[in-house]
Amino acid sequence: MKKIFLAFLALLIVCSCAKNYPDMVKDRVEQYKKEGKVILSQSNDETGKEHYVVYADAKSQVIGVDTLGKDVKEIRLGKKPYVSFEVKVDEMHGLKVKKEKYEDAIQNFYITASGKISDGYDTFRTRVYKDKYIVFVNRGFGLFLNDDNVYYNLSEKNMGDDGNIHLVFHNIFDVVLPEEWQNYMSNSQDLYIDRYHSDLVFKATVSPEGKIISHAKSAYCSGVKIPVEMFSDWLTLRSYIVKVVQLQNLEESN
């Protein structure tokens with residue numbers, strides 16, 4: 001009987017110590033609003049499994065990420081280099097997407113009084129996915145909140161409902177063509193594909209934390225499916241390009 005009583009008492013203590021995160025989120029939101037901060041994102045989870053508030057503070061020029069823990073993470077805007085997602089050719093695997101950091105290409109953003117983002121010339125709205133990342137709408141940049149030392153080339157149109165960023169790359173022949181083939185591609189009539197149009201399409205997916213989590217297994221050139229590993233060898237790829245041109249010519253003749 002004593003053991004049962006002690007177990008019941010322990011259960012009461014645990015229940016009394018459990019945090020009511022939904023109410024805490026509401027209280028924090030009201031507190032931040034009174035302090036003049038602009039709420040960018042907040043959790044709306046009745047179970048309390050997700051609990052966060054993301055705000056913009058024009059006074060201190062920070063974006064705050066409050067997960068209701070001991071400390072609030074403060075992200076300072078200002079001058080930072082940027083990281084671009086770019087298609088590269090891997091000699092072993094073909095097409096892949098990699099992160100390229102541009103130390104010399106400094107971007108500079110700040111928070112306006114209304115909680116929007118500005119580059120000093122234009123002002124942009126923000127679109128925020130939970131407490132994961134922020135996109136500066138119509139500017140093509142944003143922040144992953146776990147990697148705030150750089151700006152990323154992020155676009156609102158690539159944001160999925162699942163929070164993943166679905167990248168679509170067009171016009172990347174200059175990535176896969178050896179330099180000596182560039183002029184030939186532009187001038188030859190028997191092997192002509194205009195590299196300045198969206199003939200070549202390749203896709204990849206980035207997680208809400210900013211990690212590249214998947215690459216498409218194929219690229220599409222004028223509707224023709226080409227396995228990505230073919231791009232690691234230009235001579236092999238050439239036969240696929242010829243096939244594309246032949247299909248184009250056939251369609252034109254019809």
Side-chain angles (χ1 to χ4, degrees), residues 38-41 52 54-58 61-65 73-89 95-176 194-216 219-220 228:
V38 176
I39 305 302
L40 301 179
S41 176
Y52 58 84
V54 181
Y55 62 82
D57 186 352
Q61 285 296 301
V62 301
I63 292 173
V65 184
K73 181 177 182 179
E74 292 188 341
I75 298 170
R76 297 196 173 276
L77 297 188
K79 296 181 179 180
K80 299 179 183 182
Y82 82 91
V83 171
S84 178
F85 293 102
E86 299 181 3
V87 179
K88 301 291 183 180
V89 175
L95 294 183
K96 293 181 73 69
V97 174
K98 297 182 179 180
K99 294 180 180 181
E100 290 292 324
K101 186 176 181 180
Y102 294 89
E103 293 283 1
D104 297 331
I106 302 298
Q107 300 293 319
N108 189 14
F109 295 99
Y110 69 92
I111 303 169
T112 67
S114 61
K116 296 180 179 180
I117 303 297
S118 176
D119 62 359
Y121 300 97
D122 296 306
T123 301
F124 315 96
R125 293 181 294 105
T126 55
R127 186 176 171 192
V128 187
Y129 179 74
K130 297 185 177 182
D131 59 338
K132 303 299 183 183
Y133 61 85
I134 297 174
V135 173
F136 307 158
V137 176
N138 296 328
R139 185 61 176 87
F141 284 95
L143 285 166
F144 286 102
L145 299 178
N146 66 333
D147 183 13
D148 56 297
N149 292 320
V150 295
Y151 297 113
Y152 277 80
N153 63 329
L154 300 178
S155 174
E156 181 188 27
K157 66 181 180 181
N158 298 130
M159 295 173 65
D161 294 335
D162 54 0
N164 288 332
I165 297 171
H166 302 285
L167 302 173
V168 182
F169 297 90
H170 298 274
N171 184 27
I172 53 175
F173 260 112
D174 55 341
V175 174
V176 300
D194 188 347
R195 291 184 287 113
Y196 298 100
H197 289 77
S198 302
D199 288 309
L200 188 61
V201 180
F202 181 59
K203 298 180 179 181
T205 302
V206 176
S207 75
E209 290 76 26
K211 296 180 179 180
I212 301 168
I213 55 177
S214 67
H215 300 81
Y220 287 83
V228 294

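If you read the sequence from its start, that first residue is 1, and numbering goes on from there. Being a predicted model, the structure only gives us computed values, none of them experimental.
For Asp57, the salt bridge (charged side-chain N to carboxylate O under 4.0 Å, His left out) partners are Lys37, not counting sequence neighbours. Asp119 is linked by a salt bridge (charged side-chain N to carboxylate O under 4.0 Å, His left out) to Arg139, counting only residues two or more places apart in sequence or in another chain. Partners of Tyr102 under the side-chain contact (heavy atoms from CB on, under 4.5 Å) rule, at least two apart in sequence or in another chain, are Tyr82, Ser84, Glu86, Glu100, Ala105. Take Phe85 and apply the ring-ring contact (aromatic ring centres under 6.0 Å, His included) test, not counting sequence neighbours, and it matches Tyr152. Applying the salt bridge (charged side-chain N to carboxylate O under 4.0 Å, His left out) rule to Lys130 yields the partners Glu50; only residues at least two apart in sequence or on another chain are considered. Under the rule for a side chain to side chain donor-acceptor pair (under 3.5 Å), the partners of Asn164 that lie at least two apart in sequence or sit in another chain are Asp162. Annotation: side chain to side chain donor-acceptor pair (under 3.5 Å) contacts of Lys98 (sequence neighbours excluded): none. Scanning for salt bridge (charged side-chain N to carboxylate O under 4.0 Å, His left out) contacts around Lys116 gives an empty result, with sequence neighbours left out. Qualifying side chain to side chain donor-acceptor pair (under 3.5 Å) partners for Thr123, counting only residues two or more places apart in sequence or in other chains: none. For Tyr133, the ring-ring contact (aromatic ring centres under 6.0 Å, His included) partners two or more places apart in sequence, or in a different chain, are Tyr129, Phe144.
The structure places OH of Tyr52 at 4.0 Å from OG of Ser41, a figure rounded to the nearest 0.5 Å. The structure places OG of Ser214 at 11.5 Å from NZ of Lys203, a figure rounded to the nearest 0.5 Å. To the nearest 0.5 angstrom, Lys99 atom NZ is 6.0 Å from Ile212 atom CD1. Taken to the nearest 0.5 Å, the CG atom of Asn138 stands 9.5 Å off from the CG atom of Asp122.
In this structure, Val135 and Met159 have side chains that are in contact, with non-hydrogen atoms separated by less than 4.5 Å. Asn108 has its side chain out of reach of Leu77: every pair of non-hydrogen atoms, C-beta onward, lies at least 4.5 Å apart. Between Val168 and Val201, the closest side-chain pair of non-hydrogen atoms falls below 4.5 Å. Two residues are said to be in side-chain contact when any heavy atoms from C-beta on lie closer than 4.5 Å; Thr126 and Val137 fail this criterion. Inter-residue side-chain proximity for Val97 and His215 is flagged as met; some heavy-atom pair is nearer than 4.5 Å. The side-chain heavy atoms of Phe202 and Tyr220, taken from C-beta on, include no pair separated by under 4.5 Å. Between Asn153 and Val83, every side-chain heavy-atom pair lies at or beyond the 4.5 Å cut-off. Side-chain contact between Val87 and Phe169 is present, with heavy atoms from C-beta onward closer than 4.5 Å.
Here salt bridge (Lys or Arg N to Asp or Glu O under 4.0 Å) pairs that include residues 141-160, with residues two or more places apart or in two chains, are Lys73-Asp148, Arg127-Glu156.
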Derivation of the side chain to side chain contact (heavy atoms under 4.5 Å, CB included) call for Thr112 and Ile117: CA-CA 6 Å; Thr112 67; Ile117 303 297; over 6 Å; no
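When all heavy atoms of Ala58 and Ala113 are compared, the pair lying nearest together is CB-CA, 3.9 Å. Annotation for Ala56 and Gly115: closest pair CB-O, 4.1 Å, computed over non-hydrogen atoms.
Within the 3.5 Å criterion, the main-chain N or O of Gly160 finds no donor-acceptor partner in the side chain of His166. Lys80 places a side-chain N or O within donor-acceptor distance of the main-chain N or O of Arg76, the cut-off being under 3.5 Å. Under a 3.5 Å cut-off, the side chain of Gln107 and the backbone N or O of Pro81 do not form any donor-acceptor pair.
When Val54, Val62, Leu143, Ile134 are each tested for a side-chain contact (heavy atoms from CB on, under 4.5 Å) with Ile75, only one passes: Leu143.
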